[in-house]
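Heads up: the structure comes next, in structure tokens.
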Amino acid sequence: MRPALQPFDEALAALLGNAAPVTGTETLDTIDCDARVLAADLRSTLDVPPHDNTQMDGYAVRRADLAQASEPAPVRLPVAQRIPAGHVGRALAAGEAARIFTGGLVPDGADAIVMQEHARVEGEHVVFTGCPEPGQWIRRAGEDIRAGGVILPAGTRLSPQATGLAASVGLARLEVRRRVRVACFFTGDELAMPGEPLRPGAIYNSNRFVLVSLLRRLGCVVHDLGNVPDSLPDTRDALRRAAAGNDLIVTSGGVSVGEEDHVKPAVQAEGELRMWQIAMKPGKPLAYGRVRRGPDGQAERGGAPVAGGGQGAGGDCAHFIGLPGNPVSSFVTFVLMVRPFVLRLQGAVDVAPRTLPMRADFDWPKPDRRREFLRVRINERGGLERFPNQSSAVLTSTVWGDGLVDNPPQQPVAPGDVVRYLPFAALLN
């Protein structure tokens, strides 16, 4: 009797529970840190902004000078100085105004800014017909960031905005986790590479292009071992080569129950299999385990079952994740299971994609007993339409679509229902 399929959430939690961050860091120029994960908290070296400055082009004034200003009784002040951004003006005396430009430092004595649209220039003077509120249009020193405060915690996966934030407080170099090293290979005697003649019964290996590209997008150092023949000795040899010097092994194909599916027994021979078959569609035959390494970093041949496990290259084991061979199954299991696992290995804290409630403009009257991930896209009416053919072999659906509907087991969908939408934009980077 086959064991029960493991629920998706339970399987993902178990998978992530094995993904301790890799050891080792490097210090890089801040401009080269996009998509890297911080190894330590970032603290600001200064207040931001460092000085009071203006949010608007206008005039720096003393409110006391404009207390009686009104439409019938305007106040006329001389423009005593001009303060562009990056320049320091002199203290503002009573009875005068300063022309000031966005980002300009507010001169001592000024306590408000009047927008240029609310003033009238008359030669060397400026006319006001009202009194501004205290501090109007002034950005106060430190109102965004205080010196010494944590601006980005350890475990943050840096975005372009985050690198800009680090630069804004003068941090030229950042300590980040080293890149995760991933080996991948693809099993199947039927696989051919583009450019080769397609012999009878063969198919071109699209999974290799999809998975290698996805791993590179995540910032991994990828060792692509290519196609591996359908045999247990060849698969075991590939696992030993893949374990050497890598933190993670990702394979595609060979994890089902057929006589030519050799990945599962090969992992059991070279290490251990900890998880197999998930209650998700597409993607049921996903496997997780570990592959031994020898003391010199090379995988051992034979031996006792693995106890515990290494955390990344240089430990006792390399992590192993085996994906299904069908192209959509391989893609979906990668973005939902492998991606958060890799992010956790990188040291990222936030690895869960956010779902959006969206209106279904389709029906799905015969749901599966497994949790389903349907290929959809947003239509011009702001709802979701479904790709007609949800077969796990139809890679076209992943190009046509812009996301997935995360549909609970045995949950039918009717037009107008609110469903959980996972945009590819959140899953592919």
Do NZ/NE/NH1/NH2 and the carboxylate oxygens of [X] and [Y] come within less than 4.0 Å?
X	Y	result
Arg178	Glu26	no
Asp316	Arg293	no
Asp368	Lys281	yes
Arg354	Asp350	yes

[X] (side chain) donor-acceptor with [Y] (main chain) under 3.5 angstrom:
X	Y	answer
Arg292	Cys317	no
Glu270	Arg240	no
Arg63	Ala112	no
Arg139	Thr54	yes
Thr156	Leu158	no
Asn205	Arg208	yes
Asp363	Pro415	no
Asn53	Thr102	no
Arg157	Val351	no
Glu96	Leu92	no

Roughly how far, to the nearest 0.5 Å, is [atom2] of [Y] from [atom1] of [X]?
X	Y	atom1	atom2	result
Leu165	Ile151	CG	CD1	4.0 Å
Leu427	Leu404	CG	CG	6.5 Å
Leu12	Gln6	CG	CD	10.0 Å
Cys220	Gln346	SG	CD	5.5 Å
Leu225	Asn246	CG	CG	7.5 Å

May I have the step-by-step check of side chain to side chain contact (heavy atoms under 4.5 Å, CB included) for Val222 and Cys184, ending in yes or no?
CA-CA 7 Å; Val222 182; Cys184 56; 4.0 Å; yes
Quick check: are there more than 12 heavy atoms from other residues, nucleotides or ligands sitting under 6.0 Å from CG of Leu28?
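More than 12 heavy atoms, drawn from other residues, nucleotides or ligands, come within 6.0 Å of this atom.
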Check whether more than 12 heavy atoms from other residues, nucleotides or ligands sit under 6.0 Å from atom CD of Glu117, and answer yes or no.
yes
Apply the test side chain to side chain contact (heavy atoms under 4.5 Å, CB included) to residues Ile145 and Val169: give CA-CA distance (whole Å), side-chain angles for both, the deciding distance (0.1 Å), then the verdict.
CA-CA 9 Å; Ile145 298 169; Val169 298; 3.9 Å; yes
Less than 4.5 Å apart, side chain to side chain, heavy atoms only: is that true for [X] and [Y]?
X	Y	value
Leu38	Pro153	no
Ile321	Ile249	no
Arg386	Arg375	no

Side chains of Arg274 and Asn18: do they bring a donor and an acceptor to under 3.5 Å?
yes
Consider only side-chain N and O atoms of Glu175 and Thr27, and report whether a donor and an acceptor are under 3.5 Å apart.
no
Taking the six-membered ring of Tyr59 as reference, does the NZ or CZ atom of Arg99 fall below 6.0 Å from its centre and within a 45° cone about the axis?
yes
For a side chain to side chain contact (heavy atoms under 4.5 Å, CB included) check, start with the C-alpha distance between Met193 and Asn227, then their side-chain angles and the critical distance, and finish with the verdict.
CA-CA 9 Å; Met193 287 297 292; Asn227 298 350; 4.2 Å; yes
Which atom names give the shortest non-hydrogen contact between Ala119 and Phe128, and what distance separates them?
CB-CE2, 3.9 Å
So which atom in Met280 and which in Val332 form the shortest heavy-atom distance, rounded to 0.1 Å?
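Heavy-atom minimum between the residues: CE-CG1, 4.2 Å.
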Worked verdict on Phe331 versus Phe373 for ring pair (Phe, Tyr, Trp, His ring centres under 6.0 Å):
CA-CA 11 Å; Phe331 170 76; Phe373 295 92; over 10 Å; no
Glu372 vs Trp364, test: side-chain hydrogen bond (donor to acceptor under 3.5 Å, both in side chains). Steps then yes/no.
CA-CA 11 Å; Glu372 295 176 287; Trp364 190 244; 3.0 Å; yes
